[in-house]
Amino acid sequence: DGHAFEILSIPGMGSADGREQIPFVVGASVDQLADDAANCLGDAFPSAFGSDSLSAQYASTAQAMNGSSFSYYLSKIFPESSKSLLDSGHYENATVRPTQPFLDKSFPLNAHLRSLFAGIGMKHENIKPSQTSMGVHVTNVCAALSGEGMHYPIGGPRALCHALASVVEQYGGRVATGVSTQELVFGDVKAEATSKKDPPPPP
């Protein structure tokens, strides 16, 4: 429908010598993105006979993987006894894997397409794909290709985490990072560390 939610300029993407930044308009559909990647970044055109371009295949795979994200996050909220009702599927596995291997395997010969999807997957974040969760990446790619466009907090996801942490601290809580926990019991507010080297649990 001609809707575009973002214009990305990624260093070297779309440039033959790797020195220019050529703007790329990200459209809000798989077909539009695939056509633009074919026109601007050298990807093959999607075929009407079922042979999709690499861009279309990658975006469709991200959408399929993201389909179980709702169940995955619900499984983190509901008690253990109800988890059997939820199927977290591929999304749960994706959350603990980095993005880079997926990009390398999907676009082995086209660095411009790797840059494009890395940029869409972690917009406004200065994080390498090798350090980015594939779960977050596919959610952002799918948000970009939805008819509504991408909803993204100013300053990126980390800004949202910092805002939530400040609220916890305002109410007397403490946010501990890098702490391994074995058990969380709500009500008694108890957390047991898995190792003696871990700092004491927050009150």
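None of these values were measured; they are calculated from a predicted model.
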(Q) Does any part of the side chain of Leu33, heavy atoms only, come nearer than 4.5 Å to the side chain of Phe117, both counted from C-beta? (A) yes

Q. Looking at CG of Leu8 and CE of Met13, how far apart are the two atoms once the value is rounded to the nearest 0.5 Å?
A. 6.0 Å

Q.
What's the separation between atom OG1 in Thr99 and atom NZ in Lys128, rounded to the nearest 0.5 Å?
A. 14.0 Å

(Q) Quick check: closest heavy atoms across Gly121 and Asn140, and the distance to 0.1 Å? (A) O-ND2, 2.7 Å

Q | Atom pair CZ (Phe102) and OG1 (Thr132), whose distance is rounded to the nearest 0.5 Å | A | 12.5 Å

Q | Euclidean distance, Arg114 CZ relative to Leu54 CG, rounded to 0.5 Å | A | 11.0 Å

Q.
So which atom in Ile10 and which in Ser115 form the shortest heavy-atom distance, rounded to 0.1 Å?
A. CD1-O, 3.1 Å

Q: Would you list the pairs meeting side-chain hydrogen bond (donor to acceptor under 3.5 Å, both in side chains) in which at least one residue belongs to residues 103-113, sequence neighbours left out?
A: Gln100-Asp104

**Q.** Any donor-acceptor N/O pair, Ser60 side chain to Gln57 backbone, under 3.5 Å
**A.** no

Q | Heavy-atom side-chain contact between Val30 and Gln63 under 4.5 Å | A | yes

**Q.** Separation of Leu113 CG from Tyr58 OH (nearest 0.5 Å)
**A.** 11.0 Å

Q) Among all residues two or more places apart in sequence or in another chain, which pass the side chain to side chain donor-acceptor pair (under 3.5 Å) test with Ser55? A) Asp43

(Q) Ignoring hydrogens, what is the shortest heavy-atom contact between Leu103 and Ala118? Give both atom names and the distance. (A) CD1-CB, 3.9 Å

(Q) Using 0.5 Å steps for rounding, measure from the CZ atom of Phe24 to the CG atom of Leu41. (A) 5.0 Å

